[in-house]
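I have placed the structure first, in the form of structure tokens, so that the comments after it can refer back to it.
Counting from 1, the numbers follow the sequence of the chain as shown. Ligands are counted one by one from 1 in listed order, and the atoms in each one are counted from 1 as well.
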Amino acid sequence: MRLQVLTIFPELFGPFLGTSLVGKAVEKGLLEVRVHDLRAYTEDRHRSVDDEPYGGGGGMVMAAPPWMRAVRTVSAERSGPAPWRVLLTPQGRRLDDAKVRQLAGRGDLVLLCGRYEGIDERVRLSVVDEEISIGDYVLSGGELPAMVLIEALSRQVPGVVGQSRSVEEDSFRAGRLDHPHYTRPPVVEGMEVPAVLLSGDHAAIERWRAAEALRATREKRPDLLDGPRAEAKWRGDASGG
Ligand code: 4FV
């Protein structure tokens, strides 16, 4: 998977791209991430990327020319199909498991990280294929949303997530939340581990986990259970039917 990031704060990505699963994925060449400083695509001696908003109002807006130069340059660096260009913005479609898998399937992405009040609209109209939001709240920059997306995408790359737990089992994959997890010590402040987990009866443990996942989903995210059909499916699995 190939990812290119455009940002005025490239230094924010160093630790993230060098740590844990993402760090190993980059090390193993399973994930190629190139972070570009947008200021490298400015032409004025102040390397400015923002300006006053037309129509007045508070804050500054990121000017279009550096973005258009940057996106076109990094998109043309390789022959073959053009990369899919994603702008991280609260205006975008909300990121979820299905969208992560769809974007992972594209294999070659350019991520645009805005700052200030936003980016001149003509960038979206000319060099952006898709807008993605990580949630309905306003951050100061698109860098953290880009990292969220990179981490979620990295788990879709075969070989990144070890045997410990297959991505298939990830929550949301099957429209439900995860079952509870327990580990040593066996008793914590009087709270014990459910006996079935100590039984060694793997079929019973799977039934318990499916039932607990369904219960947690019904309690915390009933929206994930799109109606009786999903419920019946899980009830079937929970009762070993
Ligand atoms: C955001 C989000 C987000 C808005 C203005 C950057 C900020 C600033 N991006 N999901 N929520 N972006 O808040 O993706 O330029």
Next on the checklist: If you count every heavy atom of other residues, nucleotides or ligands that lies below 6.0 Å from Glu52 atom CD, does the total exceed 12?
Outcome noted: no
Checklist entry - Are Val61 and Phe9 grouped together when hydrophobic residues (ILVMFWY) are joined by side-chain heavy atoms under 4.5 angstrom apart? => result no
Checklist entry - Would you find more than 12 non-hydrogen atoms of other residues, nucleotides or ligands less than 6.0 Å from Arg34 atom CZ? => result yes
Item to check | Location of contacts on Ile119 toward ligand 1, heavy atoms closer than 4.0 Å | outcome: neither
Checklist entry - Looking only at distance, does Pro145 have an N or O less than 3.5 Å from an N or O of ligand 1? => result no
Item to check | Atoms of ligand 1, numbered as shown, that sit under 4.0 Å from any heavy atom of Gly135 | outcome: 11 (N)
Checklist entry - How are the rings of His179 and Trp208 set relative to one another: parallel (under 30°), tilted (30 to 60°) or perpendicular (over 60°)? => result tilted
Item to check | For Ile132, atoms of ligand 1 separated by under 4.0 Å from a heavy atom | outcome: 14 (O)
Checklist outcome for this item: For atom 12 (N) of ligand 1, the closest protein heavy atom turns out to be Pro90 CD, 3.6 Å
Item to check | For atom 10 (N) of ligand 1, the option (of Leu144, Val61, Ile134) bearing the nearest heavy atom | outcome: Ile134
Checklist entry - Considering residues, nucleotides and ligands other than Arg93, do more than 12 of their heavy atoms fall under 6.0 Å from its CZ? => result yes
Checklist entry - At a 4.0 Å threshold, what atoms of ligand 1 neighbour a non-hydrogen atom of Tyr137? => result 11 (N), 13 (O)
Item to check | Heavy-atom side-chain proximity of Val127 to Arg72 below 4.5 angstrom | outcome: yes
Next on the checklist: Pairs of nitrogen or oxygen atoms closer than 3.5 Å, one from Leu139 and one from ligand 1: do any exist?
Outcome noted: yes
Checklist entry - With Arg85, which of Val74, Val110, Val123 fulfils side chain to side chain contact (heavy atoms under 4.5 Å, CB included)? => result Val110
Item to check | Residue, atom name and distance, where the atom is the protein heavy atom closest to atom 5 (C) of ligand 1 | outcome: Tyr116 O, 3.5 Å
Checklist outcome for this item: Note: ligand 1 atoms sitting under 4.0 Å from heavy atoms of Arg115 are 15 (O)
Next on the checklist: Please determine whether the number of non-hydrogen atoms from other residues, nucleotides or ligands lying under 6.0 Å from atom NZ of Lys24 exceeds 12.
Outcome noted: no
Next on the checklist: With a cutoff of 4.0 Å, is Asp136 in contact with ligand 1, counting heavy atoms of the residue only?
Outcome noted: no
Checklist outcome for this item: Looking only at protein heavy atoms, what sits closest to atom 14 (O) of ligand 1 is Thr89 N, 3.4 Å
